[in-house]
Protein chains: 2
Amino acid sequence: MEPKNTDQIQKNTKTQRSIDTIDRRILSVLTKDATTSYAELGAMVGLSAPAVHERVKRMRKAEAIKATVVALDGKAMGKSFLAFIHVEARGWGKTTELVALGQLPEVEEIHSATGDTGLILKVRTENSVALEGFLWRLYDIEGVRSTKTYVALSTYLERGVQPEITHSLAEGGNIK
Amino acid sequence: MEPKNTDQIQKNTKTQRSIDTIDRRILSVLTKDATTSYAELGAMVGLSAPAVHERVKRMRKAEAIKATVVALDGKAMGKSFLAFIHVEARGWGKTTELVALGQLPEVEEIHSATGDTGLILKVRTENSVALEGFLWRLYDIEGVRSTKTYVALSTYLERGVQPEITHSLAEGGNIK
DNA sequence: TCTCTTTCCGAATTTAATTCGGAGTTATAT
DNA sequence: ATATAACTCCGAATTAAATTCGGAAAGAGA
């Protein structure tokens, strides 16, 4: 047996164990149905229930899993209108007031963005009247220069962060 | 994937009891933490565990609750880049190919939209190179005329559909 | 009023989550 | 090489929660 070169420096001592293939397979199931039991998950990935539990617990602690939540249906909640609103604001200091809009349950996402727009909002309202009401509130905020609203007519896909990565995207080639 | 026509589902089912205040309070908790036990939920809303269970079961069946899922951290999954891509396509028949992009785990949302754009995509990738790779694949699709990409610099809020409704929005006034 | 339906509760049961001790593995240091 | 420490796993035992069940209370409609 040849001795390995020990020159390599290993410096991951205090870092959390990285997410491995089994972790991603577990997460792949849980992003679709988090009511799956540890026993079932174990059968899928070839581990015992306590082993899966241990992994999930670790990922929760490391905040790779941010939360377990129910996904609601917009229409059933009485919110038929979905819109993306691009907000152009004068001066970056006023972003605070805009972010405060997150208090409203109609606002689901707030991102600052590149391009010709400062903020992107995802807003789901009861109807077009409520959306208009929201836009009025937006213009009431000091510094809001302009907005562009894109109303979603149909939603073909809507889901959270997926654990898989398409490595071929970073190579310019086709899907593996 | 075809957008789900919930109207028909509603018709076929016997008149479902509508979502009441207690239901919304339960959902409000579950959208933040679906690991909350029925006993705890019951204590919060003044019901027994079986009563809460019954309500949740009903809402699942009625698909007001679409699923229970884990919310993952994009960075922890190795996806640091978030972008919204507006796609303008020539002819509506080609939408099928675009919707097929939903196969990629990087694609989180696909909506058809009003405005000067046909589709809005929400895409989360490893880095800018992978995002560029994705854009190349987009342009490979027949009929894609142009795209506009908005990269999210910071995310201030990101959550699912909320059960509460701000009624004052539909009245043009202030928050109640 | 009577009946049908819905919603709820407490108790009992079933199922799953969680804990625990120890075996096997790997990495690191002596 | 060998010991040490740190992981990861498993099966068994325990604890906690989900689920089922029968029947009581409340409401709707005839």
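Heavy atoms only: backbone and side chains are in, while hydrogens, waters and symmetry mates are out. Note on naming: letters A, B, ... go to the chains in the order of the sequence lines (proteins, then strands), and numbering restarts at 1 for each one.
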How close or far is atom [atom2] of [N] from atom [atom1] of [X], stated in whole angstroms?
{"X": "A/Arg60", "N": "C/dA17", "atom1": "CZ", "atom2": "P", "answer": "10 Å"}
{"X": "B/Leu30", "N": "D/dA18", "atom1": "CG", "atom2": "P", "answer": "10 Å"}
{"X": "A/Leu41", "N": "C/dT18", "atom1": "CG", "atom2": "P", "answer": "13 Å"}
{"X": "B/Ile22", "N": "C/dT7", "atom1": "CD1", "atom2": "C1'", "answer": "10 Å"}
{"X": "A/Glu54", "N": "D/dC10", "atom1": "CD", "atom2": "C1'", "answer": "12 Å"}

Checklist outcome for this item: By nearest-heavy-atom nucleotide on DNA chain D, the more 5' of A/Ser48 and B/Lys57 is A/Ser48
Checklist entry - Centres of the A/His86 and B/His86 rings: under 6.0 Å? => result yes
Checklist entry - Nearest to the side chain of A/Pro50 - C/dA17, C/dC9, C/dC20? => result C/dC20
Checklist entry - What nucleotide, of D/dA17, C/dC9, D/dC10, holds the atom closest to the side chain of B/Ala51? => result C/dC9
Item to check | Pair B/Arg159 + A/Glu108, salt bridge at N-O below 4.0 Å | outcome: no
Next on the checklist: Regarding A/Arg124 and A/Glu158, does a basic nitrogen lie under 4.0 Å from an acidic carboxylate oxygen?
Outcome noted: yes
Next on the checklist: For a quick test of reading the model: is some side-chain N or O of A/His53 closer than 4.0 Å to OP1 or OP2 of C/dT18?
Outcome noted: yes
Next on the checklist: Does C/dT5 have OP1 or OP2 under 4.0 Å away from a side-chain N or O of B/Arg17?
Outcome noted: no
Checklist outcome for this item: The reported gap from CG in B/Leu98 to CG in B/Leu138 (rounded to nearest 0.5 angstrom) is 6.5 Å
